[in-house]
Amino acid sequence: MARPNPANTEKPTQADVVIVGNGALGLFLAEELMERQAGAVVVVGPSDRAAGASKAAGAMLGCFGEVTADSLRTHASRTRFEIGLRAHDRWPDVLNRLEEYSSTGFPLQVATESHVVLNAIGADLDSINFDAMIKALDEYGKPWAEIDPKQIPGFKPRTDARALRAIHVPGEGAVDARGVLAALEARLDDLGTTRIDQSVRRLIRDGDAVTGVELNDGHIIEAGSVVVAVGARSEALVRTVADDLELIPMIAGLGFAMIAQRTGGEPFRSVVRTPNRGFACGLHVVPAGPGREYLGATNRLVDDVSSVTWVGDARYLAQYAMQQLDEQIARHEVVGWLSGNRPVTFDGFPMIGWLPISGLYLMTGTYRDGFHCAPLLATHVANELQGQPGDIDSMFNPVRRPIEIRTVEESVEDYVIHSMASWFETGAEAAPQMTTTQLEAYYRARAREAFEQLGTDYALGPDVLWYVEGSLVGARRIARYLNRLRDSATTTSLTSVGGGIGDSR
């Protein structure tokens, strides 16, 4: 292992680029800029990364494991998917250059393959997304094979939660997120990057330009460019200099995971997961080093960024991991609890690009894809910072009309499907005489009532509709945004993504 130089932590007064955020996006961007000798680069972010998504990530390198029925249905969705596909090809080189900086004692790539299982715990959504995954693998000519679920190493669910089908997807493994972040920091120190263990209190604006940042302790760093990459906190930070800027709203997607020490039974040697499920990703286990396994599944859109985990989410994850993945998990020792907030945009698409204030760039909104896509996005952002053509479509510019990929009626039906999936996954029970059709009608009525109260014909994604329907604060915030979008004369001059790009109406 190389011995990096000690971290440069002295707070400068000037920099060419200040990157606010030390998650995967910020660190990979800093590395790219340093490799290009782009001048003095400063990365600002607390070492504990409290409430950040990167430090809690399972870091599955799974393009196709994340496929849903919506992934390839419109041009906008397909474009986002293909960002991940291109990013996947970069990870071998990433791991080759970071391995020498790793201090974990085991390879940064903890799994090289995935198994996706289909059981009957959920509802129709599992089958829909399982079929969509296979169709996408075939369309892009990627290898996969259907196998007997009993052949998956470590997979020993309870009999009543046994898998009906399973596929093997070679090449879609996972990396150790915390190990990669530490190795990136060591490499940045070796390259001479300045890393500051603080948060940014506010951006500094002078006329029509952002000229620097103010740290929590009051220290000011002047900068030629400022890149905001603090995940779910990005919108709030941008608003310290541009409160009237019409950004796509950002919502925090709180996720919870645990690291378990195996105490018996056969260990998992691959990523094992279900398809994406109701309002969230699928239940999954990721090898996490010798004798350890990462367990994850949860996603809850919340009003404020928080590190507080709900008891219900902890119970859900523990119970369904031991039922659906391996009964031995009940006897494992919990050695780590992880929680983080994914940056979820109102329309579900990333916000990456220059803002209409000189010197200010936004890099966020990647939802569950940030860690995986970070190496590719770093190249794109570095190009744009240096005035070169970018690598991704400009439709994801932060100041835009929200991208539309469904009609309102489709949105209602998506909400029903996700709600039914969540109902059965969590073991909810209704009166014995209540039929599935009656439950669907109940959720359909709730969704339509939410749209009537919002007074909009913009078709929300199922997770955002669930958030709006369940949070008064969220509903009011989204309603204010939709009202401004409808009433403001300036929205007519923003780039639309209709006409075949994203609009399905």
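Just so it is clear, the values below take in all heavy atoms, side chains as well, and ignore hydrogens, waters and symmetry mates.
Contact check on R400 versus D347 returns a salt bridge, with a Lys/Arg side-chain nitrogen under 4.0 Å from an Asp/Glu carboxylate oxygen. Note on E185 versus R178: no salt bridge recorded, every NZ/NE/NH1/NH2 to OD/OE distance being 4.0 Å or above. Ion pairing between D244 and R239 fails under the 4.0 Å rule for side-chain N and carboxylate O. Note on R90 versus D93: no salt bridge recorded, every NZ/NE/NH1/NH2 to OD/OE distance being 4.0 Å or above. Ionic pairing of R97 and E32 is not present here: no N-O contact between side-chain nitrogen and carboxylate oxygen is shorter than 4.0 angstrom.
Side-chain contact check for N22 and R195: no donor-acceptor pair (N or O, by modelled atom type) lies under 3.5 Å. When only modelled atom types and interatomic distance are considered, D463 and Y367 share a side-chain donor-acceptor pair under 3.5 Å. Judged purely by distance below 3.5 Å, without hydrogens or angles, the side chains of D197 and S47 pair a donor atom with an acceptor atom. Side-chain contact annotation: R36 with N383, donor-acceptor N/O pair under 3.5 Å present. Using a 3.5 Å distance cut-off with no hydrogens or angles, the side chains of T298 and D313 do not pair a donor with an acceptor. Between the side chains of T74 and S77, a donor-acceptor pair is found at a separation under 3.5 Å.
For Y415 and F451, the distance between ring centers is not under 6.0 angstrom. The ring of Y458 has its center closer than 6.0 angstrom to the ring center of F346.
Within the structure, ring-ring contact (aromatic ring centres under 6.0 Å, His included) contacts touching residues 170-205 (residues at least two apart or in different chains) do not occur.
Under a 3.5 Å cut-off, the side chain of D176 and the backbone N or O of Q109 do not form any donor-acceptor pair. Looking at W466, its side chain never comes within 3.5 Å of a backbone N or O of G461 through a donor-acceptor pair. Not one N or O on the side chain of D414 forms a donor-acceptor pair closer than 3.5 Å with the backbone of P462. Counting only distance, with no hydrogens or angles, the side chain of T240 and the backbone of L237 share a donor-acceptor pair below 3.5 Å.
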message = Assess the residue pair D70 and R73 against the criterion (salt bridge (charged side-chain N to carboxylate O under 4.0 Å, His left out)); give the C-alpha distance rounded to whole Å, side-chain angles, the decisive distance to 0.1 Å, and a yes or no.
response = CA-CA 5 Å; D70 287 335; R73 192 164 59 87; 3.2 Å; yes

inquiry  = I'd like to know whether E246 forms a salt bridge (charged side-chain N to carboxylate O under 4.0 Å, His left out) with R401, so could you lay out the CA-CA distance, the side-chain angles of the two residues, the decisive distance to 0.1 Å, and finally the verdict.
reply    = CA-CA 9 Å; E246 202 55 81; R401 291 189 64 83; over 6 Å; no

ask   = How far apart are the C-alpha atoms of F28 and W91, what are their side-chain angles, what is the distance that settles it, and do they pass the ring-ring contact (aromatic ring centres under 6.0 Å, His included) test?
value = CA-CA 12 Å; F28 273 109; W91 273 97; 5.7 Å; yes

task = Decide yes or no on ring-ring contact (aromatic ring centres under 6.0 Å, His included) for F256 and W337, but give the supporting numbers first.
result = CA-CA 8 Å; F256 167 71; W337 304 88; 5.6 Å; yes

request  = Verify salt bridge (charged side-chain N to carboxylate O under 4.0 Å, His left out) between E235 and R477, making sure each step is shown before the conclusion.
outcome  = CA-CA 13 Å; E235 181 187 359; R477 180 185 175 206; 2.6 Å; yes

ask   = Where do I352 and L362 land on the side chain to side chain contact (heavy atoms under 4.5 Å, CB included) test, with the steps shown first?
value = CA-CA 5 Å; I352 299 173; L362 187 58; over 6 Å; no

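Proximity of V41 to L29: side-chain heavy atoms (C-beta onward) are nowhere separated by under 4.5 Å. In this structure, N299 and R342 have side chains that are in contact, with non-hydrogen atoms separated by less than 4.5 Å. No side-chain heavy atom of I204 sits under 4.5 Å from any side-chain heavy atom of V213. Counting heavy atoms from C-beta outward, V44 and I19 have side chains that stay 4.5 Å or more apart. Counting only heavy atoms from C-beta outward, the side chains of V110 and V175 never approach each other to under 4.5 Å. Side-chain contact between D303 and Y467 is present, with at least one heavy-atom pair separated by less than 4.5 Å. Residues V399 and L355 are in side-chain contact: their nearest non-hydrogen atoms beyond the backbone lie under 4.5 Å apart. In this structure, the side chains of I403 and F396 come closer than 4.5 Å at one or more pairs of heavy atoms.
Using a 30° and 60° split on the angle between ring planes, H372 and H88 fall in the perpendicular class, above 60°. In this pair, H284 and Y294 present their aromatic rings parallel. The plane angle is below 30°, not in the 30 to 60° band.
Nearest heavy-atom pair, T274 versus Q324, reported as atom, atom and distance to 0.1 Å: CG2-OE1, 4.3 Å. Annotation for D89 and P92: closest pair O-CD, 3.5 Å, computed over non-hydrogen atoms. Residues F130 and V116 approach most closely at CE1-O, 3.7 Å, considering heavy atoms.
No more than 12 heavy atoms of other residues, nucleotides or ligands sit less than 6.0 Å from atom CZ of R476. Heavy-atom neighbours of W310 CH2 from other residues, nucleotides or ligands within 6.0 Å: at or below the threshold of 12. Counted within 6.0 Å of CD on E139, heavy atoms from surrounding residues, nucleotides or ligands total more than 12; the atom is thus considered enclosed.
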